[in-house]
Amino acid sequence: MIDTNIRERAKYLRNEINRHNHLYHVLDRPEIGDAEYDRLMRELGELENQYPGLITTDSPTQRVGAPPADGFTEVKHVVPLLSLGNAFNDEELESWHKRVTSLLDGAVFDTVCELKMDGLAVALTYENGLLIHGATRGDGLRGEDVTQNLRTIRSIPLSISGTSPERFEVRGEVYFPRSHFARLNEQRIINDLPPFANPRNSAAGSLRQLDPRNTAQRPLDIFIYGLGYANGTQMPDNHWDTMLYLKSLGFRINSNNVLCHNLDDVKNYYRHWLDDRKDLDYDADGVVVKVNSLSYQRNLGQVGREPRWAIAYKFPATQAVTQLLDIGINVGRTGRLNPYAVLEPVNVGGVTVKTATLHNEDDILRKDVRIGDWVLVERAGEVIPRVVAPVIEHRTGHERKFAMPERCPICNTIVVRTIGVAMSSCPNTACPAQLYELLKHFVSKGGMDIEGMGEKLCAALLDASLIEDIADVYFITRDDLIKLDHMADISTDNIINAIYKSKERPLARVIFALGILHVGSETAEILTSHFGDIIPLARAPEEELVTIPGIGPIIAQSISSYFHDQDNMEVIEKLRTSGVRLQEENPLELRLTGTLFVVTGKLESLTRAMAETRIKELGGAIGSSVSRKTNYLVAGKDAGSKLEEALKLGTPMLSEDEFLKMIGGN
DNA sequence: CCGCCTCGAGTTCT
DNA sequence: CTCGAGGCGG
């Protein structure tokens, strides 16, 4: 016999833990910390260990109770799980609404809008307040008994506190939170398992684990969206209140559901989530619109397996299946060979997609994508489409595996494969493809920023052999451009002007524009503030470069070898002779080196001594009188003879403001 | 040596 | 934006 006190304690612990579970997983409003929760769980576990008679099926320790199964048993649904008709635009929604209205003899009716989650529908059966079994939707008539796996989902109550119908079934959608999806796939790749294509597949895979312990590892969650049936208690007469009632029983209901009084509310709800669904922690592929009144629902009935009282207003698909016609190769600025998918054009989320990157050979092998495959293409919320995975079921056996070419598709040079990494690259830096990419990079916004020089002009200039290296940009003439035709006089002038203006870009931009491997905008910035001029940078030995924070051996090697290349040095020389600034406009330190100043008159914002100190700090020199060697006269108020002398000699003069600007910045 | 963080490179369509 | 590589601290 177990002591009554202990029995009471166990019961108390069960209730407490279940209550905190509900607070945490359903209401998202925890009252205690993890440590405290663990303590309660441990105490209950210890009691149950000592007195196995205390273990109840709804004990929180029993979420993972069952041993691995051999398979799943089929269960017949008491009330079939229906599927839904679809609407893809406002007109289709309106015609559904009109039809329902006429079937209801013109009655005005409320609807409930819910997000249609892209997960797995399940049915949970409770008897006398206890979860007795749970099943997948299957074909709607029969599903699989996955009770043991569903029990591991913390937001599913194992028992109902308070009174509940004697026997009832709720329906819900099990999903795999997006926030955990990437991590799961990382794990799978580490464990040599194929990654899941999307969170929906993860949910399906997780729910079909034979060992519930595996399922318990997965952060599955659920939203309850309907009541299958209920015996023994009076139920609300509409869907909305039914959901409120289920919520009061402890079920997790999506708080984004709304009750709508007219069709405009429905449309607004749809449009709102069309934009905002990207911020949800689950995939939603549309909005489910349900007639609220249950008696209206009964009147409307169903056609085939689709109820007339509900419709799914689908969002434009962000995924689509299409055929992979070919795999092409792009040669990038760095010479890397980047494979891309040539797709049978397909509409994904409202845009026709014809190509998508495949990253590298590794990626293709990992996904096992073959030419001729039907592939799943995705434009997940974001803009850039990607090939997710092949649809293996559509394989005919005529697909061709892809192999990286042995030679550069542009210049036919034998490609180099870096050992360890399946990344091929064309070693020929003079490869026309690389020069084209480099030229585009050189004139781009982050680089020399030459307005009006886009892809087309770059290609045309290369085509006409007017450009053989990036410095040739500064030797383009109006006549050259006119010869290219397709070009009005005005735009020709604009381009010549833009090229001229670009000579004054800050040094960091120029260094970035050169396109040195591994030197992007940040590194260019670091190099600029360290050297202030391209010459000392070009001469810096690797040993010096690696001492600079942010520059490691690989970047140092890359910089060093760039400047050791004769051709590159010629390019720099050409840039210099054509007037491109290759010094920091405002080198932070010592930027006044070799400049002789004379300060005279009364300065407003600082004393003469301060001004002179500042000049010396920046590497400049101070003269006591104006001579031909004087570079600048800083003239304050009431300047006397020195001013006259400077005027006589034509010495450049700086007002106080101009001077402050020159030394300014810090 | 490993994990974390930052930076670089490539990318689609209208 | 996303992936991978490089740098760096522990």
Side-chain angles (χ1 to χ4, degrees), chain A residues 178 181-183 185-187 189-190 195 198 278-279 316 318-320 322 327-367 375 377-388 417-426 429 433-434 436-442 444-447 454-456 508-509 511-530 542 545-562:
Chain A
R178 270 187 191 174
F181 178 65
R183 216 176 317 150
N185 270 349
E186 276 165 32
Q187 271 307 313
I189 289 166
I190 290 167
N198 51 41
K278 60 181 183 304
D279 303 324
T318 53
Q319 288 193 330
T322 190
I327 293 181
I329 302 286
N330 272 328
V331 181
R333 170 168 67 83
T334 58
R336 266 158 43 176
L337 269 50
N338 306 309
Y340 63 91
V342 181
L343 303 164
E344 177 65 37
V346 62
N347 190 300
V348 189
V351 197
T352 308
V353 174
K354 294 187 279 283
T355 54
T357 181
L358 287 168
H359 272 109
N360 54 46
E361 196 174 4
D362 255 8
D363 210 38
I364 298 172
L365 291 174
R366 187 167 49 218
K367 289 174 184 162
V375 289
V377 178
E378 179 179 73
R379 232 170 52 104
E382 320 317 330
V383 196
I384 298 178
R386 59 193 195 103
V387 173
V388 179
R417 265 163 230 252
T418 320
I419 301 155
V421 193
M423 178 56 84
S424 305
S425 66
C426 167
T429 46
Q434 286 185 49
Y436 172 59
E437 296 295 330
L438 176 61
L439 181 60
K440 281 198 295 181
H441 172 77
F442 185 73
S444 71
K445 261 211 161 51
E455 297 193 5
K456 283 212 180 110
R509 298 281 217 98
I511 294 174
F512 171 74
L514 293 175
I516 304 167
L517 189 61
H518 303 310
V519 178
S521 53
E522 292 300 317
T523 310
E525 217 51 82
I526 294 173
L527 294 171
T528 301
S529 63
H530 192 266
E542 260 179 76
L545 291 166
V546 285
T547 62
I548 304 170
I551 312 286
I554 293 179
I555 296 181
Q557 203 281 325
S558 167
I559 296 169
S560 175
S561 80
Y562 180 88

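Within every chain, numbering begins at 1; the chains are lettered A, B, ... in the order of the sequence lines, protein sequences first and strands thereafter.
- Remark: A:Thr334 is not in phosphate contact with B:dG8, judged by side-chain N or O atoms under 4.0 Å from OP1 or OP2.
- Taking only side-chain nitrogens and oxygens, A:Arg336 never comes nearer than 4.0 Å to OP1 or OP2 of B:dG10.
- Under the side-chain hydrogen bond (donor to acceptor under 3.5 Å, both in side chains) criterion, A:Ser560 pairs with A:His564, not counting sequence neighbours.
- Checked against B:dC13, B:dT11, B:dC7, the side chain of A:Val353 finds its nearest nucleotide in B:dC13.
- Comparing B:dC7, B:dC13, B:dT12 by their nearest atom to the side chain of A:Thr523 picks out B:dC7.
- Checking B:dC13, B:dT12, B:dA9 against the side-chain heavy atoms of A:Tyr340 singles out B:dT12 as nearest.
- With sequence neighbours left out, A:Phe512 forms a ring pair (Phe, Tyr, Trp, His ring centres under 6.0 Å) with A:His441.
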message = Pair A:Leu514, A:Val519 - check side chain to side chain contact (heavy atoms under 4.5 Å, CB included), show working.
response = CA-CA 9 Å; A:Leu514 293 175; A:Val519 178; over 6 Å; no
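- Comparing B:dG10, C:dG6, B:dT14 against the side chain of A:Asn338 picks out B:dG10 as the nearest.
- Every residue two or more places apart in sequence or in another chain that forms a side-chain contact (heavy atoms from CB on, under 4.5 Å) with A:Glu437 is listed here: A:Arg333, A:Lys440.
- In this structure, A:Arg386 places its CZ atom 11 Å from C1' of C:dC3, rounding to the nearest Å.
- Between A:Thr429 and A:Leu438, every side-chain heavy-atom pair lies at or beyond the 4.5 Å cut-off.
- Between the CZ atom of A:Arg333 and the P atom of B:dT11 there is a distance of 12 Å, given to the nearest Å.
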Distances under 3.5 Å between nitrogen or oxygen atoms of protein and nucleotides 7-10 of chain C:
| unit_1 | atom_1 | unit_2 | atom_2 | d |
| --- | --- | --- | --- | --- |
| C:dG7 | OP1 | A:Gly552 | N | 2.8 |
| C:dG7 | OP1 | A:Gly552 | O | 3.3 |
| C:dG7 | OP1 | A:Ile555 | N | 3.2 |
| C:dC8 | OP1 | A:Gly550 | N | 2.4 |

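- Remark: C1' of B:dT14 and NZ of A:Lys354 are 10 Å apart, rounded to the nearest angstrom.
- A:Arg336 pairs by the salt bridge (Lys or Arg N to Asp or Glu O under 4.0 Å) definition with nothing, not counting sequence neighbours.
- A:Val387 pairs in a side-chain contact (heavy atoms from CB on, under 4.5 Å) with only one of the listed residues (A:Val353, A:Thr357, A:Leu358, A:Ile327), which is A:Leu358.
- Nearest-nucleotide mapping onto DNA chain B: of A:Ile516 and A:Ala356, the residue sitting toward the 5' end is A:Ile516.
- One atom, CG of A:Leu514, and another, C1' of B:dG8, lie 16 Å apart when rounded to the nearest Å.
- Of the candidates B:dG8, B:dT12, B:dT14, B:dT14 carries the atom nearest the A:Thr352 side chain, counting heavy atoms from C-beta on.
- The phosphate of C:dG6 (OP1 or OP2) has a side-chain N or O of A:His518 nearer than 4.0 angstrom.
- The distance from atom CZ of A:Phe442 to atom P of B:dA9 is 16 Å, rounded to the nearest whole Å.
- The phosphate of C:dG6 (OP1 or OP2) has no side-chain N or O of A:Ser558 nearer than 4.0 angstrom.
- With rounding to whole Å, A:Glu455 atom CD is found 12 Å from B:dC13 atom C1'.
- Not a single salt bridge (Lys or Arg N to Asp or Glu O under 4.0 Å) links A:Glu542 to another residue, sequence neighbours left out.
- Nucleotide B:dA9 holds its P atom 21 Å from the CG atom of A:Leu358, rounded to whole Å.
- As a whole-Å value, the separation of A:Leu545 CG from C:dG6 P is 16 Å.
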